[in-house]
Amino acid sequence: MMDNTANLQHYASPYYDPIKAHEYYMKNRELKERRSVTKLSDEGKKVWSYTKNEIKAEKKTKVEAEQEKKKQKTEEVRSNAKAMRERISSRLKELNEALSQRSSQKKKTIDERKKSDLDEIGAETEKKKQRVEAKKESEIEKLMSVPIPDGLSKEEKSKRVAERNEKIAKLRSDAKSEKEKLSNRSNSDKENVRNTATNRKQRVTEDTKAERTDNSSNASAERQQVSNDLKTAVAAAREAYKAAKESIDSTYEEIYQREFDRIAAEMPKVSKRKKSSKKSTKKK
């Protein structure tokens, strides 16, 4: 009787261990064969069953490695995309905060300029009123300094006092009218200053709003680009895995076939010879 161990040692391959092969075959003898094993001897069937499983395990390891590579790449690009989106949001926040600060500073400057202009107008108006008042008092003083001559009749004296009082009243009326004009002009100038400041602040608000809109629009475009890049990168990782898987499938299909062919060549099924029939004729 032929020693099975010696027979199995004819087939040498990194995928085959004769002892483990026997144990595996006994447990998995019912496995369906993808390749026809009718060409193999019983020992060849054992060898092929075990070898095929070893090849399958090695292939699985490589496929899993590619799957892990795809997973890591996908996680990496997703993490990068998340970080990029966070940077975009952070930069947008910084831009808008800086924009708000500039806007507030501009409005503060406008208000300070308005206050300065209003104070200047008020002070200048007050000076002019003081000059008008001083001029009026000076004129009145001059009139009052002119004495009414003695020896005038009572009627004449009363007439001259009335004339002087009339002149004084006119000086006072003119001064009052002049000061009212100064006040009106001052109020008008102040209103112009206030309106100008309001308009300038409104322009600052509108410009700030427009810049904020531009910032948001740019951030949205950047986020969309990140999203597009992420989709492209994920698709690329998926395609790389698909290509690697196809390559592995093709490579291991060749390995399957090569190992099967080697086993079939070294351990072919031996056809039983048919017993020759006895001659029915007798020698004469």
Side-chain angles (χ1 to χ4, degrees), residues 14-15 31-32 34-35 51-117 193-259:
Y15 302 104
L31 287 176
K32 294 182 180 180
R34 290 175 57 186
R35 287 171 172 78
T51 300
K52 181 178 66 173
N53 189 65
E54 290 297 298
I55 296 172
K56 181 180 179 181
E58 183 181 277
K59 176 185 176 183
K60 181 181 178 183
T61 299
K62 292 192 175 183
V63 170
E64 288 175 347
E66 291 298 330
Q67 289 174 336
E68 182 63 23
K69 188 187 297 184
K70 182 191 76 169
K71 179 183 176 183
Q72 290 180 357
K73 183 63 177 178
T74 301
E75 289 176 350
E76 178 186 351
V77 296
R78 289 188 187 281
S79 177
N80 291 341
K82 180 181 178 182
M84 181 61 74
R85 283 193 291 265
E86 289 175 352
R87 284 196 293 272
I88 292 171
S89 295
S90 178
R91 186 166 63 250
L92 175 61
K93 182 179 179 182
E94 290 174 359
L95 288 172
N96 286 339
E97 286 178 351
L99 189 60
S100 296
Q101 290 177 359
R102 288 198 301 272
S103 175
S104 296
Q105 185 58 47
K106 287 179 180 179
K107 289 180 179 181
K108 182 181 178 181
T109 300
I110 291 171
D111 284 337
E112 290 174 348
R113 175 66 182 275
K114 179 185 73 173
K115 183 178 182 304
S116 175
D117 289 346
V193 168
R194 293 189 184 96
N195 289 337
T196 298
T198 298
N199 291 336
R200 286 177 178 173
K201 289 170 71 175
Q202 182 61 33
R203 283 198 297 273
V204 170
T205 298
E206 292 172 355
D207 291 344
T208 300
K209 183 178 179 181
E211 283 191 62
R212 196 181 297 275
T213 299
D214 288 342
N215 290 341
S216 296
S217 178
N218 292 336
S220 295
E222 289 177 359
R223 289 194 190 97
Q224 185 59 50
Q225 186 59 50
V226 169
S227 179
N228 293 340
D229 291 344
L230 174 60
K231 290 179 182 178
T232 300
V234 170
R238 189 181 298 116
E239 288 301 314
Y241 167 74
K242 182 179 178 182
K245 177 66 166 53
E246 290 175 352
S247 177
I248 291 172
D249 288 342
S250 176
T251 298
Y252 276 87
E253 184 61 26
E254 293 177 2
I255 293 174
Y256 276 126
Q257 193 60 51
R258 183 181 68 239
E259 294 300 321

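In this text the structure is predicted, and so the values were computed from the model without any measurement. In what follows, every heavy atom counts, from backbone to side chain, and hydrogens, waters and symmetry copies are set aside.
For residues 218-236, every residue pair satisfying the salt bridge (charged side-chain N to carboxylate O under 4.0 Å, His left out) rule, not counting sequence neighbours, is listed here: Arg91-Glu222.
A donor-acceptor pair is defined here as one N or O able to donate and one able to accept, closer than 3.5 Å; no such pair exists between the side chain of Ser103 and the backbone of Leu99. Checked by atom type and distance alone, the side chain of Ser217 never pairs as donor or acceptor with a backbone atom of Thr213 at under 3.5 Å. Side-chain atoms of Ser79 never come within 3.5 Å of backbone atoms of Glu75 as a donor-acceptor pair (strictly under, hydrogens ignored). No donor-acceptor pair closer than 3.5 Å links the side chain of Ser247 to the backbone N or O of Ala243. Looking at Ser250, its side chain never comes within 3.5 Å of a backbone N or O of Glu246 through a donor-acceptor pair.
A side-chain donor-acceptor contact under 3.5 Å links Gln72 and Glu68. Side-chain polar atoms of Thr74 and Arg238 form no donor-acceptor pair below 3.5 angstrom. Judged by distance alone, the side chains of Lys107 and Thr205 do bring a donor and an acceptor atom under 3.5 Å apart. For the residue pair Gln257 / Glu253, no side-chain donor-acceptor distance below 3.5 Å is found, with atom types taken as modelled.
In this structure, CD in Gln202 is found 10.0 Å from CG in Asp207, a value given to the nearest 0.5 Å. Taking CZ from Arg212 and CG from Leu92, the interatomic distance works out to 9.0 Å, rounded to the nearest 0.5 Å. Here the straight-line distance linking atom OG1 of Thr251 with atom CD1 of Ile55 works out to 12.5 Å at 0.5 Å rounding. The NZ atom of Lys114 sits 10.0 Å away from the CG atom of Asn195 when rounded to the nearest 0.5 Å. For the atom pair OG1 (Thr208) and CG (Asn96), the distance works out to 10.0 Å, reported to the nearest 0.5 Å. For the atom pair NZ of Lys56 and NZ of Lys52, the computed distance is 8.0 Å after rounding to the nearest 0.5 Å.
Taking each heavy atom of Glu259 and Thr51 in turn, the nearest pair found is CB-CG2, 4.2 Å.
The side-chain contact (heavy atoms from CB on, under 4.5 Å) check on Lys108 picks up Gln105, Glu112, with sequence neighbours excluded.
Using a 4.5 Å cut-off on side-chain heavy atoms (C-beta onward), Tyr241 and Lys73 make no contact.
Between Tyr252 and the options Glu58, Lys60, Lys59, a side-chain hydrogen bond (donor to acceptor under 3.5 Å, both in side chains) holds for only Glu58.
At a threshold of 4.0 Å, the pair Lys201-Asp111 counts as salt-bridged, since one of the basic side-chain nitrogens sits closer than that to a carboxylate oxygen. For the pair Glu211 and Arg102, the salt-bridge criterion is met [side-chain N within less than 4.0 Å of a carboxylate O]. Of the charged side-chain nitrogens involved, at least one lies within less than 4.0 Å of a carboxylate oxygen, so that Asp117 and Arg113 count as a salt-bridged pair.
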Val234 and Arg78: CA distance, side-chain angles, deciding distance, side-chain contact (heavy atoms from CB on, under 4.5 Å) verdict: CA-CA 8 Å; Val234 170; Arg78 289 188 187 281; 4.2 Å; yes

